Amino acid sequence: MGLHKIETRIAEAEAKYGRAPGSVALIAVSKVQPAERVEAVLREGHRLFGENYVQEAQGKWPAWRAAFPDVAVHMIGPLQTNKAKIAVDLFEAIHTLDRPSLATKLANLAQARGASPDLFIQVNTGREPQKAGVLPEDLDAFVAEARAMDLPVHGLMCIPPEDEDPAPHFAALAGMAARNGLAGLSMGMSSDFEAAIAAGATHVRVGSAIFGARDYAAR
Ligand SMILES: *Cc1c(COP(=O)(O)O)cnc(C)c1O
């Protein structure tokens with residue numbers, strides 16, 4: 001485990017599956033991790049991180065950004081509409097656009113600021129009732145709706161069901177992105193990022209395999 005081990009495995013997967021070297025971005029998911037673990041990875045030179053909670057990110061990243069100005073932080077957790085304004089100021093990308101009300105809010109903020117984070121639309125490929133994301137059959141219309149609002153839709157994101165083979169979900173997401181002309185594919189976590197790279201992931205989101213297990217109780 002650790003950053004370098006994961007970087008090596010990503011490079012090996014790129015080679016194995018015919019992906020261009022460096023074509024897969026590693027988002028180091030730092031949610032809930034103790035500061036010293038995140039700082040160690042920053043000192044190792046890594047600059048792309050993922051967070052799930054707006055308030056937590058707001059508390060941690062301003063100081064780290066001051067120390068490491070070229071850092072980028074992506075929002076990968078569900079985003080409440082009433083936190084959207086804070087989120088667009090905090091994050092370079094949001095991977096969890098999943099409903100028209102949030103799209104409208106982000107479009108209004110983008111117009112007011114003259115800029116928007118890159119956006120990924122989350123798709124509920126497993127149709128799980130407890131999980132966020134647009135249903136597959138609603139995706140094409142939602143992509144069109146977001147584009148009509150001038151939102152910078154960069155790609156799609158999914159979290160496959162925990163108890164299923166993720167590969168068919170990754171393949172399905174890749175097909176949806178291709179048919180909508182979207183280049184970005186945010187998929188793959190600690191347990192399945194190599195399968196995601198095989199299916200075309202451009203962004204893998206890896207937390208515990210880099211930082212160690214999360215301790216929610218100690219937060
Ligand atoms: C927490 C989280 C991850 C990282 O999970 P690990 O299993 O620790 O790699 C990736 N994506 C999302 C959306 C997450 O919430």
Side-chain angles (χ1 to χ4, degrees), residues 1-10 13 24-35 37-38 40-41 44 46 48-61 72-80 83 87 90-99 102 117-134 154-167 169-170 172-174 176-177 184-219:
M1 298 295 151
L3 177 67
H4 292 302
K5 175 81 188 158
I6 299 304
E7 287 174 337
T8 301
R9 284 173 58 186
I10 289 173
V24 179
L26 171 59
I27 301 175
V29 177
S30 46
K31 64 173 178 217
V32 188
Q33 297 287 354
R37 289 188 191 169
V38 183
V41 169
E44 285 182 277
H46 196 72
L48 176 57
F49 292 83
E51 290 285 344
N52 282 59
Y53 312 101
V54 168
Q55 252 163 321
E56 182 188 345
Q58 206 179 9
K60 303 193 303 197
W61 282 100
V73 187
H74 289 193
M75 174 62 172
I76 63 167
L79 181 56
Q80 293 170 254
K83 300 233 170 84
L90 264 181
F91 301 111
E92 276 77 13
I94 294 171
H95 290 230
T96 48
L97 173 55
D98 64 351
R99 57 195 189 279
L102 182 58
D118 286 337
L119 301 175
F120 290 75
I121 293 173
Q122 182 173 356
V123 183
N124 189 353
T125 58
R127 325 179 64 86
E128 295 171 280
Q130 81 285 5
K131 205 165 264 176
V134 180
H154 182 73
L156 303 180
M157 177 271 213
C158 77
I159 309 170
E162 262 176 48
D163 52 354
E164 285 182 32
D165 177 4
H169 295 273
F170 296 153
L173 197 73
M176 291 178 225
L185 277 173
S186 168
M187 56 190 195
M189 311 183 9
S190 289
S191 58
D192 57 16
F193 66 88
E194 280 132 332
I197 291 170
T202 60
H203 295 68
V204 294
R205 310 177 307 265
V206 180
S208 43
I210 295 175
F211 296 105
R214 285 179 289 276
D215 183 358
Y216 286 89
R219 187 141 69 110

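Fair warning: this is a prediction, and the values are worked out from it, not measured in the lab. In what follows, residues are counted from 1 in the order of the sequence shown. Counting starts at 1 for both ligands and their atoms, following the listed order.
Remark: minimum distance from atom 5 (O) of ligand 1 to any protein heavy atom is reached at M189 CE, 3.5 Å. Protein heavy atom at the shortest distance from atom 6 (P) of ligand 1 is S190 OG, 3.4 Å.
Residue contact check: R205 has heavy atoms under 4.0 Å from atoms 4 (C), 9 (O), 10 (C), 11 (N), 12 (C), 13 (C) of ligand 1. Close contacts between ligand 1 and G207 involve ligand atoms 4 (C), 6 (P), 8 (O), 9 (O) [criterion: under 4.0 Å to a heavy atom]. Of all atoms in ligand 1, numbered sequentially from 1 with element shown, those under 4.0 Å from a heavy atom of K31 are 1 (C), 2 (C), 3 (C), 14 (C), 15 (O). Here is the list of ligand 1 atoms found below 4.0 Å of a heavy atom in I159: 13 (C).
Between H74 and H95, the ring planes lie tilted relative to each other; the angle falls in the 30° to 60° range. Note: H154 and F120 have perpendicular aromatic rings, judged against thresholds of 30 and 60 degrees for the angle between ring planes.
Counting heavy atoms from C-beta on, the side chains of P78 and Q122 never come closer than 4.5 Å. No side-chain heavy atom of L90 sits under 4.5 Å from any side-chain heavy atom of V73.
Here R214 has side-chain heavy atoms under 4.0 Å from ligand 1, and that is the only part of it that gets that close.
Closest to atom 13 (C) of ligand 1 by heavy atom, among I76, V32, V29, V206, is I76.
Using a cut-off of 4.0 Å between Lys/Arg side-chain N and Asp/Glu carboxylate O, R9 and E194 are scored as salt-bridged.
The backbone N or O of I76 lies less than 3.5 Å from no partner atom in the side chain of T96, so there is not a single donor-acceptor pair.
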